[in-house]
Structure formats: C-alpha cells, structure tokens
> 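Structure provided below as structure tokens; questions to follow.
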Amino acid sequence: MQEKKGDSLIAKIVYTLGIILLIRVGNFIPVPNVEQEYLINILNSNPSLKTFFNSETLVLSLFSLGIIPSINASILIQLLTSAVPYLERLQKEEGESGRRQIKQYTRFLTLFLAVLESLSIALSLRPILYNWNVNICGQIVLTLTTGAMVVLWLSDLITEKGIGNGSSVIITLNILSGLPKTIKTVSENGDFTSIGVNFISLTALIIGILYVQEAFKIIPLLSAKQLFAQQTQSQNQALKSYMPLRINQGGVMPIIFSSTFLAFLTVIINYIASQSPMAFKIDNPKIIGLIFGAINFCLIVAFSLFYSNLILNPNEIAKDLNKMAITIPGVQPGKQTASFLKKTLTRLSLLGALFLGILVAIPNTRSSYGFGVTSLLILVGVTVDTTRQIQTLLISKNY
C-alpha cells in the first residue's frame, strides 16, 4: 500500500517533468520571418517587451507568450465577476457547472488577449523586418497565438494530473531557464568577495520575501458555543477560532498584470509617436528606465490594493459570519464588522502593495543577482505552494 502511494506521487512528478520538457523544446522553435539577431535593438527601445522573449538565448519562439495571456485573462475575469451580476451568479449559485462556464469564458478571453499581445509584438518588430507586410504580420500573430493556447492546455494538464499549479510551474520554468547562464556569468566576472556578498544579500532578500509573503494578521472569531464556554473557562481557552488575513493577498499577480499592461501601453505610445509628424523621443536609457520604474511602481500598488479587496470582500465576509452566528470580539455584527474588516484589509493590502512596489523598483537588482526581484518573488511563492501541495497529497494518502 505504501509503495502505491509513493508510485502515485512519482507518477505525477514524472508527468510534470515530461510536460516541462515539451515546453522547453517549444521555447527554442523560432517564429518564422523574424530576424532573431536584431531583436536586441527592439528590446533596447522597448524594455517592457522583455517579458515575451526567451532571456536565455534571446529568441522570439513559438511559446514566447507563454502563460501570460491566461494569467491576465484570469485576473480580468475575477474583476468582471465582481462587476457583472451574471458572472457573480454563475460563481456563487451555479456550483460546478457555473465554475466550468466561467473557465470557458476565461479561455475565450485568453485567446483574445493572446491575439492582442501577438499583434503588439508584430507591430514592434516592424523596424527590423525589411519585408514587413500584412501577410508576415498575420503569420507572426498566428504562430504566437497558437503557442499561447498550447501552453494554456499544457498548464491545465499539469494542474489536473501533475504537481503544482500549471501556470505557476510554467512561469517558474521560464525563470529557472536562465539560472545556469547567470551562475556562469557571476562566477566568471566576480571575485570571491563579491560572490560572497551577493550570496549573503540574496539569502537575506529571500528570507525577507518569505517572511512578508507568509505573514498574516490573526482576527479572532467568537461563536455562540464559544461565548457560552467563556462563562465556564478563561477567555484564552475559549477563543480558539480565528481568521487569518495575509499581508500580500494577491501574491505576484499584480506584478504580472502590471508588466503586461505596461507592454501594451509602451507599444501604443511608440506607435503613436512614430506616426506623429512631430515625434518626440527620449534616447536616454536612464530616463526611460526611471519613467518605466515609476509607472510600474504606481501600477503595482494600485493593482495590489484592488486585487486584495477583490479576493476578500469585507461585506460578503461580514454576511457569512452573521449567518453562522460568529462575531469578532469587540465589534458589532453587520455593518460594523464589514467596516472593521475593510479598514484592516486596506491597511494590510497597502503594506503588501508597497512591499511589492519597492522590491520591483529596486535599482540594479538584475546586475547584482542575475535576475530580478520579481523572479525571486515568483520562485519563493511557487516553491512554498508546491511544497504544501506535496505535503497535502502525502497526508491525504496516509489518512
């Protein structure tokens, strides 16, 4: 029996590794009609497009869009669910069939976003393609869109039959693909002292990310049964229920959403500027980086605050607590509970948003560690979540 449990876990891991290998192969299949050696010129003038390129070999490949359209579609559907009554009813009242319908809408939206992102990349490649025309643009869009939908299918397979969340695993794969090159560069260009300093600072940064990502505020809860128990025993013994509110509710989703939004915005601005008779250009990379970082910081903070309130709706939580006859000690049920939760959640979300924004805005992080703080956030989060899933799987098998 124990051997079968181990075999089940090993089978999931092998299945996941097989899909990862398939995705890695797709990352090296170049998009047709694109002169790959000139891509560096596009990235220098449009740094937001780095998200869509294979950082290891600078290849615009079949799977360059990766899982980004799917993640953005999921975020947008969550936003629409809180604003559109039909989607809200599907999520809350229709059960499993409603969730399947929302998932189908998410896939259609993924296709639409993949087409938009592919089109933005095709338009950005126009300066380096001497024979650029509508036909070539259509081929680039079709190739990238097809690759994005295949990646979405593979991520669903990982989630259903493998280990970990498929989207998170694929993002982590793209980050780790450049790790060998990073280690080689750091070891060749740095001396023993600089490598030691970088290692210590990187370790401290990872510990700080873990601490903030896993930190949460405990909100004590008091039920009718516990209220009766308070009459016969001390309060510390009676109060055993609580509601944890994490500081960073949205994880790395605001960063990913902000990066994609910036990519769209940059492409649109560059296109308008190129068509304008009085074109205004900023050729200083430092100024471009400063403007890019400031906008990115503001977007991350805004998306984090909004996304946190979207995940946890204080009014809905207050209603559910009232239905279950559960209260927060010292807070009246109903509107006061909703107001208390909203105020607490806003403060925690602001701390988490500033944490994400400041980390992403840290200058020269990539030159010090070889990859950005955003990558560290994703790696830490995915590692923790995957470890928990494996532990949960083992525990469920044992019991």
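Hydrogens, waters and symmetry mates play no part in the numbers below; they use all other heavy atoms, side chains included. Note that the structure is predicted; figures quoted are calculated from it, not measured.
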> Is any side-chain heavy atom of Phe340 closer than 4.5 Å to a side-chain heavy atom of Ile328?
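Result yes, sub-4.5 Å side-chain heavy-atom pair found.
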> For Ser70 versus Leu152, what's the shortest heavy-atom pair and its separation?
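Of all heavy-atom pairs spanning Ser70 and Leu152, the closest is OG-CD1, 3.2 Å.
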> Just by distance, do the side chain of Thr81 and the backbone of Ile77 share a donor-acceptor pair under 3.5 Å?
yes
> Does a donor on one side chain and an acceptor on the other come within less than 3.5 Å for Ser118 and Thr145?
yes
> Specify the closest pair of heavy atoms between Phe63 and Ile23, including all atoms of both residues, with the distance to one decimal.
CD1-O, 3.5 Å
> Determine whether Thr327 and Thr337 make a side-chain contact, defined as any pair of heavy atoms from C-beta on separated by less than 4.5 Å.
no
> Between Glu117 and Leu144, is any pair of side-chain heavy atoms under 4.5 Å apart?
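No, their side chains stay 4.5 Å or more apart.
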> Do Ile13 and Leu21 belong to the same hydrophobic cluster, where Ile, Leu, Val, Met, Phe, Trp and Tyr are linked whenever their side-chain heavy atoms lie under 4.5 Å apart, directly or via other members?
no
> Group every Ile, Leu, Val, Met, Phe, Trp and Tyr by side-chain heavy-atom contacts under 4.5 Å, then state whether Leu157 and Leu17 land in the same group.
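Leu157 and Leu17: one cluster.
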> Give the intermediate values and the outcome of side chain to side chain contact (heavy atoms under 4.5 Å, CB included) for residues Leu62 and Phe28.
CA-CA 8 Å; Leu62 175 65; Phe28 290 92; over 6 Å; no
> Do we see a donor-acceptor contact under 3.5 Å between the side chains of Thr346 and Ser349?
no
> When rounded to the nearest 0.5 angstrom, what is the spacing between OG in Ser120 and CG in Leu113?
10.5 Å
> When you compare the side chain of Met243 with that of Ile317, does any pair of heavy atoms fall below 4.5 Å?
yes
> In terms of side-chain geometry, is the basic nitrogen of Asp156 or Lys161 positioned less than 4.0 Å from the acidic oxygen of its partner?
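Between Lys161 and Asp156 there is no salt bridge, as every charged N stays at least 4.0 Å from the carboxylate O atoms.
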> So Phe297 and Leu354, side chain to side chain contact (heavy atoms under 4.5 Å, CB included) or not? Walk me through it.
CA-CA 8 Å; Phe297 175 82; Leu354 291 175; 4.1 Å; yes
> Could you see if Leu142 belongs to whatever hydrophobic cluster contains Leu119? Use Ile, Leu, Val, Met, Phe, Trp, Tyr and a side-chain cutoff under 4.5 Å.
no
> Kindly work out whether a path of hydrophobic side-chain contacts (I/L/V/M/F/W/Y, heavy atoms less than 4.5 Å apart) joins Val134 to Leu123.
no
> Taking it one step at a time, do Ile158 and Tyr15 satisfy side chain to side chain contact (heavy atoms under 4.5 Å, CB included)?
CA-CA 8 Å; Ile158 293 177; Tyr15 186 85; 5.7 Å; no
> Hey, are the side chains of Leu379 and Thr172 touching, using non-hydrogen atoms and a 4.5 Å cut-off?
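Contact flag for Leu379/Thr172 side chains = yes.
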> Can you find a pair of side-chain heavy atoms, one from Leu173 and one from Arg24, that are under 4.5 Å apart?
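Leu173 vs Arg24: side chains touch.
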> Check for me, please, whether Val25 and Val31 land in the same ILVMFWY cluster - side-chain distances under 4.5 Å, paths through other members count.
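In one cluster: no.
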> Does Ala318 offer a backbone N or O that forms a donor-acceptor pair with the side chain of Asn322 under 3.5 Å?
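Between the backbone of Ala318 and the side chain of Asn322 there is no qualifying donor-acceptor contact (under 3.5 Å).
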> Could you tell me which residues satisfy side chain to side chain contact (heavy atoms under 4.5 Å, CB included) with Ile218, sequence neighbours excluded, listed by chain and number?
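Counting only residues at least two positions away or on another chain, Ile218 forms a side chain to side chain contact (heavy atoms under 4.5 Å, CB included) with Phe216, Tyr242.
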> Is there a side-chain contact between Ile19 and Ile170 in this structure, where contact means two heavy atoms from C-beta onward sitting under 4.5 Å apart?
no
> Would you please name every residue forming a side chain to side chain contact (heavy atoms under 4.5 Å, CB included) with Thr386, sequence neighbours left out?
Ile163, Val382, Ile390
> Let me confirm one number: the CG-CG distance from Asn315 to Asp320, rounded to the nearest 0.5 Å.
11.0 Å
> With distance as the sole test, does Ser155 use its side chain to make a donor-acceptor pair with the main-chain N or O of Gly166 at under 3.5 Å?
no
> Is Met149 close to Leu111 at the side-chain level, that is, under 4.5 Å between some pair of heavy atoms?
yes
